[in-house]
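See structure below.
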Amino acid sequence: MLSMETIRGATEKVKAACRFKNCDVDVDSVIALDDERKAVVAERDELNAERNRRSKDIGRRKRSGEDTSEIEASVKQISVRARELDAKAGEIEAELERLMLMIPNVPDDSVPQGASADDNVVVRDWGEQRSFGFAPKPHYDVAGGLGMLDLERGAKVSGSFFPCYTGAGALLERALVNFMLDMHTGRHGYREVFPPFLVNRRAMTGTGQIPKLEEDMYRIPEEDLFLIPTAEVPVTNLYAGEVLAEADLPVKLTAYTACFRREAGSYGKDTRGIVRVHQFNKVEMVKLCAPEQSPAELESLVRDAEDVLQALGLHYRVVMLSAGDMSFAAARCYDIEIWAPGMGRYLEVSSCSNFRDFQARRMNCRFRGKDGKLRHAHTLNGSGTALPRIWIAVVENCQQEDGCVVIPEALRPYMHGMERIRPPE
RNA sequence: GGAGAGGUGGCAGAGUGGUCGAAUGCGGCGGCUUGCUAAGCCGUUGUCGGGGAUUUACCUCGACCGGGGGUUCGAAUCCCCCCCUCUCCGCCA
């Protein structure tokens, strides 16, 4: 969430952010409500002060045996009035918080000030599109021939878009997870965590999935728990309500989790294969750092994700998102798009964002600076990377004319030394 | 699921209706002492919100003793609900 200082001091920018990110909040009325809050709180506090003075007086008089019934009656009246105002203040504060939680983060001045994905900017690319001596097939055809996927049976037990990986497909999935975790922990200096996959409402609110995206989450009503849509939620919220030491920053964490998304409203898109599914695996990187560090930490975060793709020899491009294409909580975001020759398009495998103090305010995560003062931390995260799409990229890029898939060398140690995936006997 | 114990300031740990934002100890910070260190002594040491002074550290009011509600002139202290932690029993991957 934004501070009230930001909302009051940069009102026009905040309004622009609401337009870019399609959030319907009346910023002026938020400010007006805060004015009202201040007035009610001031009156209540004055009454409380008077009540406290008189109550202490009652204590003194009782000890000296005086009659206090008159002054007690006066305090009673003050208390009743103060309680009414307190209730009113509580209502205003709840409404104010509800509205503040609906205001999106403000995009950085440095990002393209456009309204849609058309305004995104490719900032660099790596490698090139592989040329084939034959027509490359989409992953579902390649994987089908190799017994790597069983979408029909997955649909039988859960529904469509709940993929089931089989045989070498399952092994490839597991290999990719281990390969990426090893790289981030061993080479990039992240600490591995294995968090819960179900989180409470507070956590979902902390990272900003709620309220705007609540409809996209799977929810367990009995406990009001949500299946995580990304490891970002449990991992970032690990530090909710805490005060970190500046010397411990940046905190760099990596986690494998399954991710669950209802993908409400996206039916009809990407209906074949596993580009868009309700359950998928992902290795995520999360950072908490001091405000001064976050711009550089975002750049290194993207590089860490790129390293995965480079080690696998997969062509990709890095895109800076425009103000209108960024998520609710992000201030600045790079997407990494990997080339999928069978589908003939680039697929988003990673999204690396700097949230500045937006999530930290919601979570109340602070750090104590060297000067002894408390400040909100900055948070960042990025996929490193999302499994279905990197799985697709491996299968489609490494397919051979005979239908086999040659496994990238970096993955072979994770696949019992296997060099190529052949059709099952 | 059942029974019990407990959640107080950075930590430990007192406090069972007013003089408690909270003893005491440890830690932290400042100072004194000292050749240095240790020890000792003195002082200081939370967060959030409002108002005021001031180009920063200042003053003042309010709130906060797991969370929420209640009783009372007055609640860390009494009552109710919830959450979490620990111990034991049951069940179970």
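Note on naming: letters A, B, ... go to the chains in the order of the sequence lines (proteins, then strands), and numbering restarts at 1 for each one.
- Spacing between atom CG of Asp57(A) and atom C1' of rG18(B) amounts to 12 Å, rounded to whole angstrom units.
- Here the separation of rG46(B) from rG27(B), taken at their C1' atoms, is 15 Å to the nearest Å.
- If you take CD of Glu43(A) and C1' of rC61(B), they are 15 Å apart, rounded to a whole angstrom.
- Taking atom P on both rU19(B) and rA23(B), the two are 13 Å apart, rounded to the nearest angstrom.
- Note on Arg187(A) versus Asp182(A): no salt bridge recorded, every NZ/NE/NH1/NH2 to OD/OE distance being 4.0 Å or above.
- Ile78(A) has its CD1 atom 17 Å from the P atom of rU72(B), to the nearest Å.
- When rounded to the nearest whole Å, the span between CG of Asn48(A) and P of rG74(B) equals 11 Å.
- Taking the side chain as every heavy atom from C-beta outward, Gln279(A) and Arg261(A) never approach each other to under 4.5 Å.
- Under the 6.0 Å distance and 45° angle rule, Lys212(A) does not count as a cation-pi partner of Phe328(A).
- Between Arg83(A) and Asp86(A), no side-chain nitrogen of the basic residue sits less than 4.0 Å from a carboxylate oxygen of the acidic one, so the salt-bridge criterion is not met.
- We find that CD of Glu242(A) is positioned 18 Å from P of rG66(B), with the value rounded to whole Å.
- Across all strands shown, rC48(B) pairs with rG62(B); the Watson-Crick or G-U wobble distances both stay below 3.5 Å.
- In this model, the phosphate group of rC61(B) is not approached by any side-chain N or O of Arg53(A) to a distance below 4.0 Å at OP1 or OP2.
- Under 3.5 Å, the side chain of Arg83(A) and the base of rU72(B) form at least one donor-acceptor pair of N or O atoms.
- Phe226(A) and Phe260(A) have their aromatic ring centers separated by at least 6.0 angstrom.
- Pairing partner, rU19(B): none, since no Watson-Crick or wobble contact has both distances short of 3.5 Å.
- Look at the C1' atom in both rG66(B) and rC84(B): the space between them is 7 Å, to the nearest Å.
- The residue Leu374(A) sits close only to the backbone: its heavy atoms come under 4.0 Å of sugar-phosphate atoms, none of a base.
- Here rC92(B) sits opposite no nucleotide as a Watson-Crick or G-U wobble pair (both hydrogen-bonding atom distances under 3.5 Å).
- For rA63(B), one of the phosphate oxygens OP1 or OP2 lies less than 4.0 angstrom from a side-chain nitrogen or oxygen of Asn52(A).
- Atom P of rU71(B) sits at a distance of 11 Å from the matching atom of rA75(B), rounded to the whole Å.
- As rounded to whole Å, 17 Å separates atom C1' of rC82(B) from atom CZ of Arg201(A).
- Across all strands shown, rC26(B) pairs with rG10(B); the Watson-Crick or G-U wobble distances both stay below 3.5 Å.
- Out of rU19(B), rG74(B), rG49(B), the shortest distance to the side chain of Val41(A) is found at rG49(B).
- Ser69(A) comes within 4.0 angstrom of no nucleic acid atom, judged by non-hydrogen atoms across all strands.
- Comment: Glu396(A) does not engage Lys137(A) in a salt bridge, judged by the lack of any side-chain N to carboxylate O separation of less than 4.0 angstrom.
- Residue-to-nucleotide proximity on RNA chain B shows that, of Glu93(A) and Ser79(A), the 5′-proximal contact is made by Glu93(A).
- Distances were taken from every side-chain heavy atom of Lys38(A) (C-beta onward) to each of rG62(B), rG50(B), rC73(B); the shortest belongs to rG50(B).
- Between rC73(B) and Ser74(A), no contact under 4.0 Å exists linking OP1 or OP2 to a side-chain N or O.
- On the C1' atoms, rU8(B) is 14 Å away from rU24(B), given to the nearest whole Å.
- Under 4.0 angstrom from either OP1 or OP2 of rG18(B) there lies no side-chain N or O belonging to Lys56(A).
- Atom CG of Asp45(A) and atom P of rG50(B) are 10 Å apart (whole Å).
- In this structure, Arg202(A) reaches neither bases nor backbone, as no heavy-atom distance under 4.0 Å exists between it and the strands shown.
- Residue Arg54(A) is classed as having no contact, given no heavy-atom separation below 4.0 Å to the nucleic acid.
- Glu97(A) has its CD atom 14 Å from the C1' atom of rG49(B), to the nearest Å.
- Rounded to whole Å, the separation between the C1' atoms of rG10(B) and rG69(B) comes to 31 Å.
- Comparing rG13(B) with rG9(B), their P atoms are spaced 11 Å from each other, to the whole Å.
- Remark: the separation of the C1' atoms in rU16(B) and rG30(B) is 38 Å, to the nearest Å.
- Across all strands shown, rU55(B) remains unpaired; no Watson-Crick or G-U wobble contact has both distances below 3.5 Å.
- Note on Arg361(A): every side-chain N or O is 4.0 Å or more away from OP1 and OP2 of rC48(B).
- Under 3.5 Å, the side chains of Arg332(A) and Ser353(A) contain no donor-acceptor pair of N or O atoms.
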